[in-house]
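Read through the structure below, which is laid out as structure tokens, and then see the notes.
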Amino acid sequence: MKIGVLALQGAFIEHAKRLQAVGAEPVLVRLPEQLDELDGLIIPGGESTTIGKLAASYGLIEPLRAFASTKPTWGTCAGMIFLAKDIGIDRQPILGLMDITVNRNAFGRQVDSFETNLTIAPLEGGPLHAVFIRAPVVTKAGDNVAILSALDDGRIVAVQQGHLLATAFHPELTDDTRLHQYFVQLISRKE
Ligand code: GLN
């Protein structure tokens with residue numbers, strides 16, 4: 001199974017390593033034509049404004065939107081912002097595919113980075129240790145969006161809309177590969 005990792009900016013190498021660990025073949029994506037051979041795609045964390053700008057200048061916005069409209073795609077952190085329909089501003093390019101409203105940098109300056117254990121609905125084996133770095137949260141989710149995880153205060157940090165997955169934290173920065181496994185299963189079910 002070939003899974004692309006958008007490799008414009010951010011934590012793409014770490015995602016590629018986790019994909020290898022779960023038996024998938026990672027492909028670092030920088031060109032539109034690379035999408036043709038992929039079964040799924042991860043949009044990594046980083047800086048969503050930079051990822052958006054680079055995607056626009058590499059001619060990737062429309063090809064990415066077309067890909068993610070039908071093929072399993074998972075956005076982590078900045079990738080979650082990139083997939084969302086509504087981020088409250090329209091200055092930065094986004095794909096606008098998931099029926100969610102996302103608040104960027106939702107944790108402010110004091111706790112802009114933190115780690116916590118999260119229960120993630122479809123995962124067996126107990127809570128997942130999650131790393132949040134200047135993370136977004138989902139402030140509104142459509143009826144077609146399943147909420148997979150929320151913080152103790154109720155703020156939503158993992159969602160799924162059919163073949164689209166989004167997490168506010170960085171699952172590629174820990175050794176726990178259960179979410180990467182889950183994404184691989186999502187692709188297998190679709191095929
Ligand atoms: N704050 C970043 C943004 O707005 C996201 C941070 C991250 O991906 N770790 O894009």
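Scope of the values below: all heavy atoms of this structure, side chains included, with no hydrogens, waters or symmetry mates. Order of listing sets the numbers, starting from 1, for every ligand and every atom in it.
Contact annotation for I81 and ligand 1: only side-chain heavy atoms (C-beta onward) come within less than 4.0 Å of the ligand.
Rounding to the nearest 0.5 Å places NZ of K71 at 10.5 Å from CG of L41.
Nearest to atom 7 (C) of ligand 1 among the protein's heavy atoms is C77 SG, 2.7 Å.
Under a 4.0 Å criterion applied to the non-hydrogen atoms of N105, ligand 1 contributes the atoms 1 (N), 2 (C), 4 (O). Within ligand 1, the atoms closer than 4.0 Å to a non-hydrogen atom of S48 are 3 (C), 4 (O), 10 (O), numbered from 1 in the order shown.
Ligand 1 has no N or O atom lying under 3.5 Å from any N or O atom of G45, backbone or side chain. For a threshold of 3.5 Å applied to N or O pairs, the pair formed by R104 and ligand 1 contains at least one separation below that value.
With A135, G46, A78 as candidates, the residue nearest to atom 6 (C) of ligand 1 on a non-hydrogen basis is G46.
Partner of H129 under the side chain to side chain donor-acceptor pair (under 3.5 Å) criterion, chosen from D176, D175, N117: N117. Partner I87 forms a side-chain contact (heavy atoms from CB on, under 4.5 Å) with one of T101, I81, N103 and no other, that one being I81.
Classification of K17 and E14 as a salt-bridged pair fails, no side-chain N sitting under 4.0 Å from a carboxylate O.
Shown here for I51 and Q9, the closest heavy-atom pair between the two residues is CG1-OE1, 3.5 Å.
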